[in-house]
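Single-structure report; data block below.
Starting from 1, each residue takes its place in the sequence as its number.
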Amino acid sequence: MGLTTFATPLLAPVLVVQAAWVMARASRLPEAAGARSGIIGYGPARRLLVIGDSSAAGVGVGDQSQALGCRLAQALSHQHAVSWKVLAKCGATVPSTLKMLEDVPD
């Protein structure tokens, strides 16, 4: 048996305390500002729905035009008319995302 086998149970309480400390003090970046839906491009119609957590919400960029949903729509717009929408929230979980999707029309 290696050192890891014995060290892991001993370090678990320390790691839990460290994780709680980091989560309590870590700064939360804001979600990107701007429109979370739009229509862009020409050609055959396509619909794009981006769902998720902070990555989909545009955390780390200043505006939704720089975020995943809009950038993907822009890439598709060269050959398609894209109707796009972003449903995302920082800290989203599978249950909370499913709840958001309940309000989306077919």
Side-chain angles (χ1 to χ4, degrees):
M1 292 199 177
L3 179 61
T4 306
T5 305
F6 294 107
T8 302
L10 297 174
L11 290 176
V14 173
L15 296 175
V16 168
V17 171
Q18 267 188 334
W21 184 84
V22 168
M23 288 176 59
R25 286 164 181 73
S27 61
R28 297 216 180 239
L29 296 173
E31 296 179 5
R36 288 183 170 227
S37 64
I39 299 173
I40 185 172
Y42 300 96
R46 298 290 183 254
R47 295 187 302 168
L48 172 66
L49 177 62
V50 178
I51 59 172
D53 59 4
S54 56
S55 297
V59 169
V61 298
D63 189 78
Q64 285 292 334
S65 65
Q66 301 167 321
L68 176 67
C70 187
R71 295 300 297 234
L72 185 53
Q74 288 170 349
L76 295 170
S77 73
H78 298 291
Q79 297 178 4
H80 304 281
V82 182
S83 173
W84 63 277
K85 183 177 184 87
V86 174
L87 289 176
K89 185 161 180 59
C90 286
T93 61
V94 171
S96 68
T97 302
L98 290 173
K99 183 75 173 150
M100 276 193 293
L101 288 173
E102 289 176 359
D103 298 329
V104 177
D106 294 337

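- Here Val17 is tied to no hydrophobic group at all, with no ILVMFWY side chain closer than 4.5 Å.
- Apart from Leu48 itself, the hydrophobic cluster it occupies contains Ile40, Val50, Leu68, Leu72, Leu76, Val82, Trp84, Val86, where clustering links Ile, Leu, Val, Met, Phe, Trp and Tyr at side-chain heavy-atom distances under 4.5 Å.
- Residue pairs that meet the side-chain hydrogen bond (donor to acceptor under 3.5 Å, both in side chains) test with at least one member in residues 87-96, sequence neighbours left out, are Thr93-Ser96.
- Grouped by direct or indirect side-chain proximity (heavy atoms under 4.5 Å, Ile/Leu/Val/Met/Phe/Trp/Tyr only), Val59 sits with Leu29.
- Annotation for Cys90 and Ser54: closest pair SG-CB, 3.8 Å, computed over non-hydrogen atoms.
- Leu11 CG to Gln18 CD: the interatomic distance, rounded to the nearest 0.5 Å, is 9.0 Å.
- Residues passing the side chain to side chain contact (heavy atoms under 4.5 Å, CB included) test with Lys99 are Glu102, sequence neighbours excluded.
- For Ser65, the side chain to side chain donor-acceptor pair (under 3.5 Å) partners at least two apart in sequence or on another chain are Asp63.
- Summarising the local packing, CD of Gln66 is surrounded by more than 12 heavy atoms from other residues, nucleotides or ligands at distances under 6.0 Å.
- Applying the side chain to side chain donor-acceptor pair (under 3.5 Å) test to Glu31 and every residue at least two apart in sequence or in another chain returns Arg36.
- Under the rule for a side chain to side chain donor-acceptor pair (under 3.5 Å), Thr97 has no partner lying at least two apart in sequence or in another chain.
- Judged as a salt bridge (Lys or Arg N to Asp or Glu O under 4.0 Å), not a single pair has a partner in residues 75-88 (not counting sequence neighbours).
- Under the rule for a side chain to side chain donor-acceptor pair (under 3.5 Å), Asp53 has no partner lying at least two apart in sequence or in another chain.
- Applying the side chain to side chain contact (heavy atoms under 4.5 Å, CB included) test to Pro13 and every residue at least two apart in sequence or in another chain returns nothing.
- The nearest pair of heavy atoms linking Gly58 to Ala32 is O-CB, 3.4 Å.
- Taking Arg71 as the reference, Gln74 meet the side chain to side chain contact (heavy atoms under 4.5 Å, CB included) condition, with sequence neighbours excluded.
- In terms of heavy-atom proximity, Ala57 sits nearest to Gln64 at O-NE2, 2.9 Å.
- Residue Leu101 holds its CG atom at 6.5 Å from CG of Leu87, rounded to the nearest 0.5 Å.
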